[in-house]
Q: 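Handing you this structure, nothing more for now.
Both ligands and their constituent atoms are indexed starting at 1 by order of listing. As a basis for the values below, the full set of heavy atoms in this structure was taken, side chains included, without hydrogen atoms, waters or symmetry mates. All of these numbers come straight from a predicted model, not from anything done at the bench.
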Amino acid sequence: METEVQEKIWLSSPHMGSSEQMYVKLAFDSNWIAPLGPNVTGFEKDIEDYIGNDIHASCLSSGTGAIHLALELLGVGLGDEVICQSFTFAASANPITYLGAKPVFVDSEKETWNISPELLEKAIIDRINLGKKPKVIIAVHLYGMPYKVDDIINISRKYDIPVIEDSAEALGSVYNGVRCGSFGDIAILSFNGNKIITTSGGGALLSKDKQITNKAVFLATQARDNAPHYQHSHIGYNYRMSNVLAGIGRGQMEVLPERVDARKNNFLFYRENLSQISELSFLEDPKGSSSNRWLTCVLTSSFKTREEIRMALENENIESRPLWKPMHMQPVFKEAASYTNGVSEDLFNRGLCLPSGSNLNKEDLSRICKIIKSAFR
Ligand SMILES: *Cc1c(COP(=O)(O)O)cnc(C)c1O
């Protein structure tokens with residue numbers, strides 16, 4: 001008997017609007033194929049207007065590159081320690097090592113799944129007692145859920161340690177009426193292919209201090225001094241966003257509010273259709289927070305149940321993925337110091353990211369829910 005193979009449903013696939021090609025064509029028509037150009041400036045202005053709060057933006061070739069430059073701009077160098085949320089994607093932590101600095105990982109709290117303020121303070125005091133005051137704190141709005149911003153800012157001020165706000169997954173999320181990307185001394189965004197909007201690859205560095213975003217552009221374009229010849233008094237990088245890709249970004253900014261609504265509606269659909277199953281639960285927005293629901297995550301009762309659901313979906317050509325494996329459990333970071341409480345390890349064992357693209361329709365979502373329910377029969 002022939003079985004019909006259904007079209008693959010991806011975890012989070014790109015979703016173009018109607019203007020991206022027009023902006024890319026502008027780049028071609030004006031021969032602005034080289035980096036730098038009007039699409040980059042336009043995309044930066046669109047981001048600044050959307051986030052508000054007097055934020056300045058510099059568009060770069062990736063979110064990872066933005067974290068690298070943010071660390072350098074905050075003075076991180078050889079042998080320094082940087083505190084990083086353990087429950088995150090490796091790109092939050094990798095750039096620490098590019099500078100010869102050392103990550104110190106801190107576990108999560110249960111209300112937002114992000115860096116625990118209690119454990120963060122404990123880690124800072126402990127590192128200071130060891131004579132190694134951390135240089136920077138990297139906090140992450142994971143899956144779009146805002147971290148405990150007020151608590152983290154208070155700790156940052158109390159110990160005078162700046163914060164890099166990893167907002168790669170949180171464009172469109174809101175904390176106490178303010179958009180994510182506004183809270184760190186420096187914040188970063190990502191426009192990688194799986195993010196809420198994409199330029200196929202790209203990122204941005206954000207700050208209220210225009211000197212910082214200007215310096216980021218300077219470092220990202222090979223640190224060229226102001227001279228008619230090429231003169232350098234700093235080591236630079238080739239990290240600027242290309243003008244062609246920024247054209248895609250300008251088109252994507254026009255549909256960002258719709259994309260945020262679509263992702264939130266995915267979450268509401270899953271919660272509505274699956275929360276009567278007592279083995280499943282969803283993370284609610286804490287008071288004052290609104291996650292963009294970049295990915296909808298479901299928490300199951302056990303590793304075994306999580307795997308049963310994942311395999312049931314895979315058998316039907318549907319991609320899902322366990323939650324991020326914490327950095328303190330990663331082989332590559334086994335030497336790093338860490339402050340843990342078991343929260344992120346438990347989330348990793350029991351949690352699953354469900355297909356969450358803004359281009360999913362009601363039939364896709366119904367089909368996914370039906371398969372998940374069937375795993376409980
Ligand atoms: C995607 C992502 C990054 C890195 O962004 P790229 O643009 O892919 O380099 C950093 N941090 C988090 C949490 C991410 O999800």
Q: Does NZ or CZ of R350 lie under 6.0 Å from the centre of the six-membered ring of F303, at an angle within 45° of the ring axis?
A: no
Q: Cationic tip of R293 within the cone over F267's six-membered ring, i.e. under 6.0 Å and within 45° of the normal?
A: yes
Q: Which heavy atom of the protein is the closest neighbour of atom 15 (O) of ligand 1, given with residue, atom name and distance?
A: E169 OE2, 2.5 Å
Q: Enumerate the atoms of ligand 1 whose separation from the nearest heavy atom of V140 is less than 4.0 angstrom.
A: 13 (C)
Q: Is S19 reaching over with its side chain to a backbone N or O of M22, donor-acceptor style, under 3.5 angstrom?
A: no
Q: Which of the numbered atoms in ligand 1 are under 4.0 angstrom from any heavy atom belonging to A168?
A: 2 (C), 3 (C), 10 (C), 11 (N), 12 (C), 14 (C)
Q: May I ask you to decide whether D49 forms a salt bridge with K45, counting only side-chain N to carboxylate O separations under 4.0 Å?
A: yes
Q: If the contact criterion is a heavy-atom separation under 4.0 Å, does A66 count as touching ligand 1?
A: no
Q: For ligand 1, which atoms sit closer than 4.0 Å to a heavy atom of A91?
A: 3 (C), 4 (C), 10 (C)
Q: Is the Y339 to F105 ring centre distance short of 6.0 Å?
A: no
Q: Take the angle between the ring planes of Y143 and W324 and call it parallel below 30°, perpendicular above 60°, tilted in between.
A: parallel
Q: Who's the nearest protein heavy-atom neighbour of atom 11 (N) of ligand 1, and how far?
A: D166 OD2, 2.7 Å
Q: Do ligand 1 and G63 have nitrogen or oxygen atoms that lie under 3.5 Å from each other?
A: yes
Q: Answer yes when E308 and K304 have at least one side-chain N-carboxylate O distance shorter than 4.0 Å, and no when they do not.
A: yes
Q: Can you tell which of K135, R127, K102, K133 makes a salt bridge (charged side-chain N to carboxylate O under 4.0 Å, His left out) with E81?
A: R127
Q: When you measure from the heavy atoms of S92 to every atom of ligand 1, does any distance fall below 4.0 Å?
A: yes
Q: State whether W10 and K8 meet the cation-pi test: NZ (Lys) or CZ (Arg) under 6.0 Å from the six-membered ring centroid, and within 45° of the perpendicular axis.
A: yes
Q: Of the backbone atoms (N, CA, C, O) and the side-chain heavy atoms from C-beta on, which set of T64 has a member under 4.0 Å from an atom of ligand 1: side chain, backbone, both, or neither?
A: both
Q: Pull out every atom of ligand 1 sitting under 4.0 Å from any heavy atom of G202, numbered as shown with elements.
A: 7 (O)
Q: Looking only at heavy atoms, is any part of T88 under 4.0 Å from ligand 1, and if so is it the side chain, the backbone, or both, or is it neither?
A: side chain
Q: Who's the nearest protein heavy-atom neighbour of atom 2 (C) of ligand 1, and how far?
A: K195 NZ, 3.0 Å
Q: Starting from atom 5 (O) of ligand 1, what is the nearest protein heavy atom, named by residue and atom, and what distance separates them?
A: S190 OG, 3.2 Å
Q: Just let me know how S62 lines up against ligand 1, side chain, backbone, both or neither, with a heavy-atom cut-off below 4.0 Å.
A: both
